Amino acid sequence: MAGLSMSSLAISSDEVKDFICSSCEEQANAEFYCKTCLKLYCGKCIQLHDKWFKKHSAYGRNDIKTWPVSKEVEEFLLKCEAHKDHKIEMLCDDHSQLCCTKCAFNNHSQCSKVTQISELTNSQPTGLEGLSVELETVMGKIKTLQISQEASIQSLQRTYKEHREVMIEQMCGNLNTYIDECDNNSVGTSGGNEQYLKEEMCTSVLSIVNEFDNITAKELNEMKDEVISIKGSVTSSVHKCTSLHSDLLQLLEIVQKIGDNKELCLIASIKCKHIIQQALTLLGKSGKVFKVQGKSEYNVRIPSDSVTCGISGICALPDGQVLVTDYNNKRVKLLSQQYQSVSHWDVNAYPQAICLITPSEVAVAVNTSYIHEVQFITVNQVKLVLGRKFQLQHECTGIVHHQGDILVTSGKELYKYTLSGKLICRLYEDLDYNTVYNCAVSPTGDRLYINSYRQHKLLTLARDGTLLATYTDPALEGRRGLHVTPAGQVLVCGDYPFTVLQVGWKGKSKLANLATQEDGVWNPESVCYSSTTSSIIVGQWWSDNILVFRVE
């Protein structure tokens, strides 16, 4: 509900004259309303009214629902958001949008049903009492999300500070170790040798300091940039929470005071539903089911590939470019907005999975029997630049990032790390192998998803690793892709039969088969949603082609 603002109304405050006394010359704030007189009275004037009209019933502010709607509230509800000088008069059923005559002419002339609000008042229930409860519930969740995001910002800052201190401590430790060795070696040396040792010592100390400047400083700067970028994104989300919380509060106050004007009640009801849906989307709890509008197929093989591709991971960048991990050829490939390969980076192990860190940086989980690493890669226009990396003490089969936390699966466990590679905790464990294979996280971080392909299950965990839900489906056998969209839709690749599923955000049931073998899906290994192109991208095992499904 962009642009919603009632700061000028202040309808919840008795200090602001939202209702003016109809009788006194002082234009005092009204405190009572008489239904017989159809007039508003201040505290002084109501005494004279009661003296002359003893049989009339006057209602105070505690019965404000019996009052007429204030002019400010009426103007606010009727004002078209797109055309401020026009009033809302119609509802487009096709788009579920309130519109003025200008909106109807410009944007809805081809729609099948655009109805006058006055014609809908008796046929469409408003359900304002239920909406009032829903508004309060959603407001509480938005506030909780805001608090969580603010805590994430503090955690990000601590992560960078701690890593910097560790790096400096390591440098000091290297210097002290070297100096101690020099002291031991200098015992019993002659004057000439002593001078030589001093010169050698100075050279070595300078080398250690230079190494810190050239390598560690670069790593710290890289992490600093990451923290700044992630912090900016989280701060933006906090601002959205603040704005949305304010809008929800204002609508809640309107709903509680709107009275029985049917047209205004209907408009308020529709606006409430719209802003609740916005809030649910921000909370990552959108129940919207994707509808596939079309399919395209693109070849991602490059001339130097030695074998058929195996697209184990996909990551869509905000600028429309796409990164894929080619497990079989041990490569990370950058695809243009037209899904053409424009650059690649050869990794030293099998790339298992990939996730977005910042708008231009990703983390790749690479794995062999002896190498378990998370490698960071930056996209610089059409070039891939290798950044820092950190080692793991376990296998890494899946990876996902959320506001500075990196979650890594090992086949049996789910671990949480900081951006610097510091292990925070083990969140979940299943002793049976290939039961904790790929992972995904909800937009707000309150739900974690794991595919247990050995058990044909999708597991949903709380933030602390507590199991919340289990969805079992024979199709979930196989090391298949798992992804959560910014609105919270859960996408899972299935193997028997080959399919791309949408599961509810609670992780309890399937909502739709979005694509099947009949649509050309074959061995779907990875999946990702691109908000930029409104597309679901599917990577396939032992196939040079990716599939792109346009959705709405």
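Please read all numbers here as calculations on a predicted model, not as lab measurements. Only this structure's heavy atoms are used, side chains among them; waters, hydrogens and symmetry mates stay out.
When each of L386, I377, V324, D346 is tested with V332 by the rule side-chain contact (heavy atoms from CB on, under 4.5 Å), just one qualifies, namely I377. When H163, R164, K224, R388 are each tested for a side chain to side chain donor-acceptor pair (under 3.5 Å) with E219, only one passes: H163.
In this structure, D544 contributes its side chain and C309 its backbone to a donor-acceptor pair below 3.5 Å. Between the R550 side chain and the Q293 main chain, a donor and an acceptor come within less than 3.5 Å of each other. With hydrogens and angles disregarded, no donor-acceptor distance shorter than 3.5 Å links the side chain of N367 to the backbone of E395. Proximity of a side-chain donor or acceptor of Y449 to a complementary backbone N or O of W505 within less than 3.5 Å is detected. At distances below 3.5 Å, not a single donor-acceptor pair connects side-chain atoms of R301 with backbone N or O atoms of N545. Under a 3.5 Å cut-off, the side chain of K389 and the backbone N or O of E373 do not form any donor-acceptor pair.
Between atom CG of residue D94 and atom SG of residue C111 there is a gap of 4.5 Å, rounded to the nearest 0.5 Å. To the nearest 0.5 Å, atoms OG (S148) and CD (Q403) are separated by 6.5 Å. Taken to the nearest 0.5 Å, the CD1 atom of I546 stands 6.0 Å off from the CD1 atom of I314. The CG atom of L392 lies 12.0 Å from the CD1 atom of I371; values are rounded to the nearest 0.5 Å.
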Assess whether ring-ring contact (aromatic ring centres under 6.0 Å, His included) is satisfied between F290 and Y529, documenting all intermediate values. CA-CA 11 Å; F290 282 121; Y529 173 72; 5.1 Å; yes
For T397 and T409, what are the C-alpha separation, side-chain angles and deciding distance, and is it a side chain to side chain donor-acceptor pair (under 3.5 Å)? CA-CA 6 Å; T397 58; T409 51; 3.0 Å; yes
Verify side chain to side chain contact (heavy atoms under 4.5 Å, CB included) between F376 and F390, making sure each step is shown before the conclusion. CA-CA 9 Å; F376 292 80; F390 61 82; 3.7 Å; yes
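Within 6.0 Å of the NZ atom in K240, the count of heavy atoms belonging to other residues, nucleotides or ligands does not exceed 12.
Y471 does not carry K457 over the face of its six-membered ring by the limits of under 6.0 Å from the centre and within 45° of the normal.
The pair K141-D446 does not meet the salt-bridge criterion, since no charged nitrogen lies less than 4.0 angstrom from a carboxylate oxygen. Remark: K295 does not engage D519 in a salt bridge, criterion side-chain N to carboxylate O under 4.0 Å.
Side-chain contact between C439 and L414: present, with at least one pair of heavy atoms (C-beta onward) separated by less than 4.5 Å.
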